[in-house]
Enquirer: 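The structure follows.
Quick caveat: nothing in here was measured; it's all calculated off a predicted structure. Computed over heavy atoms, backbone and side chain alike; hydrogens, waters and symmetry mates excluded.
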Amino acid sequence: MKIEFAPLHIPWERRLQTASVLQWLISFLCMAQCSIALFILLLFTRFWLISALYAVWWAFDWDTPSKGGRRSHRVRNSVVWRYVKDYFPITLVKTADLDPSKNYIFGCHPHGVMSIGGIINFTTEATGFSKHFPGLKPHLMTLSVLFRAPFFRDYVMSLGVIPSSKESASYVLRKKEGGNIIIISVGGAKEALDAHPGTYTLVLQNRKGFVRLAIENGTPLVPVFSFGENELYDQVENPKGSWVRWAQDCLQKIMGFSLPLFYARGIFQYTFGFVPYRKPIFIVVGKPIQVGKKHNPSQDEVDELHKRYLEALCKLFEEHKLKYNVPEDTHLSFV
């Protein structure tokens with residue numbers, strides 16, 4: 001295998017972009033585990049008081065993630081995120097105005113290997129979310145287990161992230177003053193296993209919890225599609241029925257998150273590694289679907305709204321796919 005090395009003379013701007021993506025990648029993959037290890041390690045050193053005091057603080061602060069979290073304007077506006085955004089680059093595309101006096105549920109598709117587009121767009125101000133949607137605060141939902149990692153939980157909350165649970169979602173959506181958005185990557189870990197370049201398969205056919213949540217709170221649903229998300233990584237072939245996919249499905253059921261065998265480029269060469277490809281991502285936010293409020297909706301009512309949502313998502317995809325280099329004969333498929 002011939003290795004294609006990066007040129008020696010690369011502009012500093014591009015080097016900073018790669019370094020910023022690398023730090024984000026390390027944080028995404030390793031920071032939670034390192035935080036737990038550091039917390040335990042400090043207990044056996046002369047700095048044990050740090051962990052002890054943090055444990056006391058943690059006990060008092062335990063419910064904060066499920067009560068809207070604790071975002072930091074400074075962290076969300078860090079210049080590092082601008083470099084991450086420019087690496088790909090990532091662009092936010094607005095198709096309709098949203099009323100800041102209301103709350104919303106964004107369904108973000110596809111999940112991709114790491115949901116890079118959704119994370120940068122909704123947990124930072126790199127793409128100018130607040131300028132596009134003034135008066136609205138995004139709350140990206142992620143695995144609840146991440147909020148059980150000391151220190152790391154505070155970093156995650158500073159980005160405006162909340163646990164992926166009905167309790168935390170309902171807390172945000174019931175704020176009568178409005179101005180809040182929860183973002184759900186509906187396909188989740190299972191969909192990540194289908195995140196191959198050129199594929200548009202969404203795990204959505206039987207995912208209806210977010211629809212029921214919308215009806216119970218009378219919250220408009222907004223379809224969001226991230227064009228280019230599946231192009232950032234290659235994956236080891238894992239068709240359904242293969243032993244690779246069987247092992248991944250088993251691990252996903254046990255751990256709650258999937259382990260896609262992904263690869264892309266390296267830091268100083270373009271042949272192999274775990275740094276994502278420089279491929280553009282366009283996050284298109286669709287028009288809101290108005291939802292009537294009902295405390296205990298019937299299954300038929302949930303199914304009807306779910307059908308409307310699928311139709312709106314397909315329409316959004318079809319209206320924009322040619323702009324973002326998706327072949328005309330390509331359509332969304334649902335499993």
Side-chain angles (χ1 to χ4, degrees), residues 15-66 69-72 74-85 87 111-120 122-124 126 139-165 168 185 188-189 192 232-233 248 251-252 254-268 272-276:
R15 292 182 185 274
L16 288 171
Q17 291 168 6
T18 303
S20 297
V21 169
L22 183 62
Q23 70 80 27
W24 175 84
L25 187 63
I26 293 173
S27 298
F28 184 90
L29 296 175
C30 306
M31 194 171 175
Q33 299 91 316
C34 291
S35 296
I36 295 171
L38 177 62
F39 180 81
I40 296 173
L41 181 63
L42 288 175
L43 289 173
F44 297 95
T45 69
R46 59 178 178 172
F47 302 108
W48 62 270
L49 189 58
I50 295 176
S51 289
L53 291 174
Y54 184 87
V56 175
W57 155 253
W58 193 1
F60 281 104
D61 197 53
W62 184 264
D63 291 330
T64 299
S66 61
R70 183 174 51 246
R71 69 183 55 226
S72 166
R74 179 174 297 180
V75 175
R76 287 177 56 89
N77 283 273
S78 171
V79 68
V80 172
W81 306 125
R82 179 174 63 82
Y83 284 117
V84 175
K85 182 261 295 184
Y87 172 90
H111 181 282
V113 172
M114 296 187 191
S115 296
I116 294 176
I119 290 173
I120 298 303
F122 298 119
T123 70
T124 80
H139 303 264
L140 181 69
M141 303 192 78
T142 191
L143 294 171
S144 298
V145 69
L146 295 181
F147 297 90
R148 300 296 179 257
F151 308 124
F152 183 67
R153 67 188 290 275
D154 299 281
Y155 172 66
V156 172
M157 280 195 291
S158 71
L159 294 168
V161 181
I162 61 175
S164 183
S165 67
S168 58
S185 186
L232 305 182
Y233 284 102
Q248 289 175 323
L251 289 172
Q252 191 258 318
I254 295 171
M255 299 184 297
F257 57 90
S258 60
L259 292 174
L261 302 176
F262 61 91
Y263 59 94
R265 51 159 290 188
I267 303 171
F268 303 111
F272 59 89
F274 297 104
V275 180

Enquirer: Measure across Gln23 and Val80 and return the closest heavy-atom pair with its distance rounded to 0.1 Å.
Expert: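 So the two residues come closest at NE2-CG1, 3.2 Å.
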
Enquirer: With a 4.5 Å heavy-atom cut-off, do Ile36 and Pro150 have their side chains touching?
Expert: yes

Enquirer: Taking all heavy atoms of Phe262 and all of Met114, pick out the closest pair and write down the distance.
Expert: CZ-CE, 3.3 Å

Enquirer: Mind running side chain to side chain contact (heavy atoms under 4.5 Å, CB included) on Asp154 and Tyr54 for me, showing each step along the way?
Expert: CA-CA 11 Å; Asp154 299 281; Tyr54 184 87; 2.4 Å; yes

Enquirer: So does Leu159 get a backbone contact from the side chain of Thr123, meaning a donor-acceptor N/O pair under 3.5 Å?
Expert: no

Enquirer: At what distance, to the nearest 0.5 angstrom, does CG of Leu16 lie from CZ of Arg82?
Expert: 9.0 Å

Enquirer: Answer yes or no: is there a side-chain heavy-atom contact under 4.5 Å between Val275 and Tyr87?
Expert: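 In short, these two side chains touch, coming nearer than 4.5 Å.
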
Enquirer: Output yes when a side-chain donor or acceptor of Ser51 lies under 3.5 Å from a complementary backbone atom of Phe39, and no otherwise.
Expert: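 Yes, the answer is positive, given that a donor and an acceptor are paired below the 3.5 Å cut-off.
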
Enquirer: Find the distance between CH2 (Trp48) and CG (Leu42) and round it off to the nearest 0.5 Å.
Expert: 12.0 Å

Enquirer: Where do Trp24 and Met31 land on the side chain to side chain contact (heavy atoms under 4.5 Å, CB included) test, with the steps shown first?
Expert: CA-CA 10 Å; Trp24 175 84; Met31 194 171 175; over 6 Å; no

Enquirer: Looking at Ser144 and Pro163, what are the two nearest heavy atoms and their distance?
Expert: OG-CB, 3.5 Å

Enquirer: Take Val56 and Leu53, measure what side chain to side chain contact (heavy atoms under 4.5 Å, CB included) needs, and give me the verdict at the end.
Expert: CA-CA 5 Å; Val56 175; Leu53 291 174; 5.5 Å; no

Enquirer: Of the non-hydrogen atoms in Pro276 and Ala264, which two are nearest, and what is the gap between them?
Expert: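 Minimum heavy-atom contact is CA-CB, 4.0 Å.
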
Enquirer: Is there a donor-acceptor pair closer than 3.5 Å between any side-chain N or O of Arg76 and the backbone N or O of Phe122?
Expert: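 Indeed, once roles are kept as given, a pair shorter than 3.5 Å links the two residues.
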
Enquirer: Could you measure the distance from the CZ atom of Phe152 to the CE atom of Met157? Nearest 0.5 Å is fine.
Expert: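 Between Phe152 CZ and Met157 CE, I get 11.5 Å after rounding to 0.5 Å.
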
Enquirer: State whether the side chain of Trp81 and the backbone N or O of Val75 hold a donor-acceptor pair below 3.5 Å, judged by distance alone.
Expert: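 The answer is yes, because a donor-acceptor pair under 3.5 Å joins these two groups.
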
Enquirer: Just so I know, are the side chains of Val113 and Leu232 near enough to count as touching, which here means a heavy-atom distance under 4.5 Å?
Expert: no

Enquirer: A side-chain contact here means heavy atoms from C-beta on lying under 4.5 Å apart; do Arg70 and Asp61 qualify?
Expert: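 A side-chain contact under 4.5 Å exists here.
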
Enquirer: What is the distance from atom OG1 of Thr45 to atom CD1 of Ile40, rounded to the nearest 0.5 Å?
Expert: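 With rounding to 0.5 Å, OG1 (Thr45) is 12.5 Å from CD1 (Ile40).
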
Enquirer: Looking only at non-hydrogen atoms, find the nearest pair between Ile120 and Lys85 and report the distance.
Expert: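 Looking at all heavy atoms of both residues, the closest pair is CG2-CB, 4.3 Å.
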
Enquirer: Ignoring hydrogens, what is the shortest heavy-atom contact between Met141 and Ser168? Give both atom names and the distance.
Expert: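 Closest approach of Met141 to Ser168, heavy atoms only: CE-OG, 3.6 Å.
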
Enquirer: How many angstroms lie between OG in Ser66 and CZ in Phe147, if you round to the nearest 0.5 Å?
Expert: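 Atom-to-atom, Ser66:OG and Phe147:CZ are 9.5 Å apart.
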
Enquirer: Using the rule given for side chain to side chain contact (heavy atoms under 4.5 Å, CB included), can you reason through Leu38 versus Phe47, listing the C-alpha separation, both sets of side-chain angles and the distance that settles it, and then say yes or no?
Expert: CA-CA 11 Å; Leu38 177 62; Phe47 302 108; over 6 Å; no

Enquirer: Can you establish whether the number of heavy atoms outside Phe274 located under 6.0 Å from its atom CZ is more than 12?
Expert: no

Enquirer: Once you round to the nearest 0.5 Å, how far does OH of Tyr155 lie from OG of Ser27?
Expert: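 Rounded to the nearest 0.5 Å, the OH-OG separation comes to 4.5 Å.
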
